[in-house]
Amino acid sequence: MSAIGETIATAATDWVGTPYRHQGATRGVGCDCLGLVRGVWREVYGHWPQEPGPYAADWAEAGAGDALLEAARRNCVEANELARGRLVLFRWRPHLPAKHAGVLIAPDRFVHAYSGHGVVASALVPQWRRRVAGVFEFPVMSD
């Protein structure tokens with residue numbers, strides 16, 4: 001595992017217990033799944049990644065394009081395996097865009113946020129694995 005992967009996984013774990021808040025991105029105050037990833041990014045890299053613009057809370061909606069997957073491809077590096085410290089994206093059904101995100105803290109566990117539960121660590125059980133839309137390495141920090 002890379003040093004950045006360890007840093008990302010540790011930072012994501014620190015968010016566990018943060019309440020759910022749609023479009024929030026503040027540890028201990030509130031976030032959704034994208035806010036978790038954005039907040040971890042800010043803590044690790046010292047700045048926000050790009051602004052996502054408004055988005056719906058319903059991750060089963062079928063909008064045009066695959067904005068979350070496209071943003072991950074712009075900001076991270078696609079990976080072939082599940083490993084600690086990687087970004088993992090999910091889609092509800094094969095024909096729908098990716099609408100859920102988390103950070104792997106082990107090949108079989110991830111941290112994510114969802115309504116009614118806040119930020120939690122969950123097992124990457126078969127029901128989650130079959131919904132994986134992409135796995136990405138966070139970029140190496142520049143000096």
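Both backbone and side-chain heavy atoms feed into the values below; hydrogens, waters and symmetry mates do not.
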Report summary line: The side-chain contact (heavy atoms from CB on, under 4.5 Å) partner of Phe90 among Arg129, Arg131, Lys99 is Arg131
Query raised in the report: Under the side chain to side chain contact (heavy atoms under 4.5 Å, CB included) criterion, do Asn75 and Trp41 qualify, and how do the steps go?
Result: CA-CA 11 Å; Asn75 293 287; Trp41 183 290; 3.9 Å; yes
Requested in this report: Kindly work out whether a path of hydrophobic side-chain contacts (I/L/V/M/F/W/Y, heavy atoms less than 4.5 Å apart) joins Leu124 to Val120.
Outcome: no
Check: residues 107-118 side-chain donor-acceptor pairs under 3.5 Å, at least two apart:
unit_1, atom_1, unit_2, atom_2, d
Arg109, NH2, Ala121, O, 3.3
His112, ND1, His100, NE2, 2.9
His112, NE2, Ser122, OG, 2.8

Requested in this report: Please answer: with hydrophobic residues joined when any side-chain heavy atoms are less than 4.5 Å apart, are Trp48 and Val40 in the same cluster?
Outcome: no
Query raised in the report: Which atoms form the tightest heavy-atom contact between Ala11 and Val44, and what is the distance?
Result: CB-CG2, 4.0 Å
Query raised in the report: Does any non-hydrogen side-chain atom of Val135 lie less than 4.5 Å from one of Glu81?
Result: no
Query raised in the report: Leu89 and Ala72: which non-hydrogen atoms are nearest, and at how many Å?
Result: CD1-CB, 3.7 Å
Report task. Starting from the C-alpha separation in whole Å, work towards a yes-or-no answer on side chain to side chain contact (heavy atoms under 4.5 Å, CB included) for Arg38 and Glu51. Result -> CA-CA 9 Å; Arg38 294 181 71 240; Glu51 289 294 325; 3.3 Å; yes
Report task. Please report the shortest heavy-atom distance between Thr26 and Cys31, naming the atom on each side. Result -> N-CB, 4.4 Å
Requested in this report: State, yes or no, whether a side-chain contact exists between Tyr45 and Ile4 at a heavy-atom distance under 4.5 Å.
Outcome: yes
Requested in this report: Please report the shortest heavy-atom distance between Leu87 and Phe138, naming the atom on each side.
Outcome: N-CE1, 3.6 Å
Query raised in the report: Ignoring hydrogens and geometry, is there a side-chain-to-backbone donor-acceptor pair from Arg91 to Leu96 under 3.5 Å?
Result: yes
Query raised in the report: Rounded to the nearest 0.5 Å, how far does CD1 of Ile105 lie from CZ of Arg86?
Result: 15.5 Å
Query raised in the report: Which heavy atom in Leu104 sits nearest to a heavy atom in Ala83, and how many Å separate them?
Result: CB-O, 3.3 Å
Requested in this report: To the nearest 0.5 angstrom, please state how far the CD atom of Glu78 sits from the CG atom of Leu69.
Outcome: 6.5 Å
**Report entry** side-chain contact (heavy atoms from CB on, under 4.5 Å) against Arg130, all qualifying residues, sequence neighbours excluded
**Finding:** Gln127
Report summary line: Sorted by chain and number, sequence neighbours left out, ring pair (Phe, Tyr, Trp, His ring centres under 6.0 Å) with Phe136 holds for none
**Report entry** Straight-line distance of Asp32 CG to His22 NE2, nearest 0.5 Å
**Finding:** 6.5 Å
Report task. Check Ala101 against Val37 and note the closest heavy-atom contact, atom names and distance. Result -> CB-CG2, 4.0 Å
